[in-house]
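Read through the structure below, which is laid out as C-alpha cells, and then see the notes.
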Amino acid sequence: MAALTGRMSLDLLHPAGAQDPARWLGAVTGLDSITTTAADIAPVHALRDSVRRTAARAAAGAPASIVDRLALNAAAAVTPPRPVLRPDGRRSVDRPVPVPEVLSLLARDAIDLFGGPLAARIRMCAGCGLPYVAWPARHC
C-alpha cells in the first residue's frame, strides 16, 4: 500500500491489508520488521478508531473527545521504534518492533497532525468518507 494521505496516522484508516497487522502496519509506517501477536489486533483497531473519530471531529472544526485524546496520549507514551538509515538509503529499524512501539509512532503522528496547524485542513472525502489533508494550490 502506497502512502495515500501523506500522514501515517490517516493512512492507518485505509482498509488495505487489515487482516494481517504486521503487513498493514508495515505498509503504513514503512517499517519492515514488525512483530505481531493475536493480542495486538484489538489495540491496533482501537487506535485506528480513535484516529478516525478525531479526524472527523477535526474536519468539523472540533477538538478530539476526551476519550480519544486520552487514547492517543497513552499510545504515544510508549517509546517509539528507533529508526536507522540503511546503506541503501532506506529507513529501517535495527531489531523487530513490537506493535505498541509502532502504535506510539502512529499516535505521535496523529497528535502532531490534530494538534498543529494542519488540523484545520482535514477534510472528509465525499466519495469514500475517509479523511485527508487538503493542501492549497501552489503557484510558482
Side-chain angles (χ1 to χ4, degrees):
M1 178 177 94
L4 300 169
T5 67
R7 295 304 296 235
M8 288 186 291
S9 54
L10 295 183
D11 285 348
L12 182 64
L13 305 181
H14 292 266
Q19 277 64 36
D20 181 353
R23 191 168 157 196
W24 179 30
L25 292 172
V28 169
T29 64
L31 299 174
D32 58 3
S33 55
I34 299 170
T35 59
T36 61
T37 67
D40 292 324
I41 294 172
V44 170
H45 286 279
L47 181 65
R48 181 183 187 195
D49 292 344
S50 287
V51 169
R52 177 182 288 118
R53 288 188 299 265
T54 303
R57 289 178 63 90
S65 71
I66 189 167
V67 170
D68 292 326
R69 184 171 45 84
L70 293 173
L72 290 169
N73 289 343
V78 174
T79 301
R82 184 176 62 89
V84 295
L85 187 60
R86 297 187 331 200
D88 66 2
R90 293 185 54 211
R91 74 177 166 156
S92 187
V93 291
D94 59 357
R95 61 181 170 74
V97 181
V99 167
E101 290 183 16
V102 177
L103 296 183
S104 176
L105 185 67
L106 292 164
R108 288 167 185 239
D109 181 70
I111 289 168
D112 179 66
L113 175 61
F114 299 135
L118 292 179
R121 295 189 178 279
I122 296 174
R123 306 286 185 270
M124 303 303 284
C125 176
C128 68
L130 292 172
Y132 66 95
V133 178
W135 297 100
R138 294 188 181 180
H139 300 281
C140 297

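Note that the OH atom of Y132 and the CG atom of D11 stand 15.0 Å from one another [nearest 0.5 Å]. Of the inter-residue distances, the one linking H14 atom NE2 with C128 atom SG reads 6.5 Å to the nearest 0.5 angstrom. The distance from atom OG of S104 to atom CG of L72, rounded to the nearest 0.5 Å, is 11.0 Å. Atoms CG and CZ, on N73 and R108 in that order, are 11.0 Å from each other to the nearest 0.5 Å. Going from atom CE of M8 over to atom CG of L106 covers 6.0 Å, rounded to the nearest 0.5 Å. In this structure, CG in L47 is found 5.5 Å from CG in L103, a value given to the nearest 0.5 Å.
Here the side chain of R82 pairs no donor or acceptor atom with the backbone of T79 at under 3.5 angstrom. With hydrogens and angles ignored, the 3.5 Å screen pairs no side-chain donor or acceptor of R123 with any backbone N or O of A134.
Annotation: side chain of T36 is not in contact with side chain of V102 (no heavy-atom distance under 4.5 Å). For the pair P131/M124, a side-chain contact is recorded, criterion being any heavy-atom separation below 4.5 Å from C-beta on. D68 places none of its side-chain heavy atoms less than 4.5 Å from the side chain of D49. The shortest distance between side-chain heavy atoms of L25 and L31 does not fall below 4.5 Å. A heavy-atom distance below 4.5 Å is found between the side chains of P81 and V93. Put simply, the side chain of V97 does not reach to within 4.5 Å of the side chain of T35, judged on heavy atoms.
Transitive grouping of hydrophobic side chains (ILVMFWY, heavy atoms separated by less than 4.5 Å) keeps L12 and V78 in distinct clusters.
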Are V99 and I41 close enough, and set up right, to give a side-chain contact (heavy atoms from CB on, under 4.5 Å), and what steps lead you there? CA-CA 9 Å; V99 167; I41 294 172; over 6 Å; no
Just do the side-chain contact (heavy atoms from CB on, under 4.5 Å) check on W24 and R48 with the steps written out, would you? CA-CA 12 Å; W24 179 30; R48 181 183 187 195; 3.5 Å; yes
Pair L10, D109 - check side-chain contact (heavy atoms from CB on, under 4.5 Å), show working. CA-CA 9 Å; L10 295 183; D109 181 70; over 6 Å; no
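Side-chain contact annotation: R69 with S65, donor-acceptor N/O pair under 3.5 Å absent.
Atom CD1 of I66 has 12 or fewer neighbouring heavy atoms from other residues, nucleotides or ligands inside a 6.0 Å radius.
The minimum heavy-atom distance between I122 and A55, with the atom names listed, is CG2-O, 3.7 Å.
Under 4.0 Å is where a charged nitrogen must lie from a carboxylate oxygen, and between D112 and R7 at least one such pair does.
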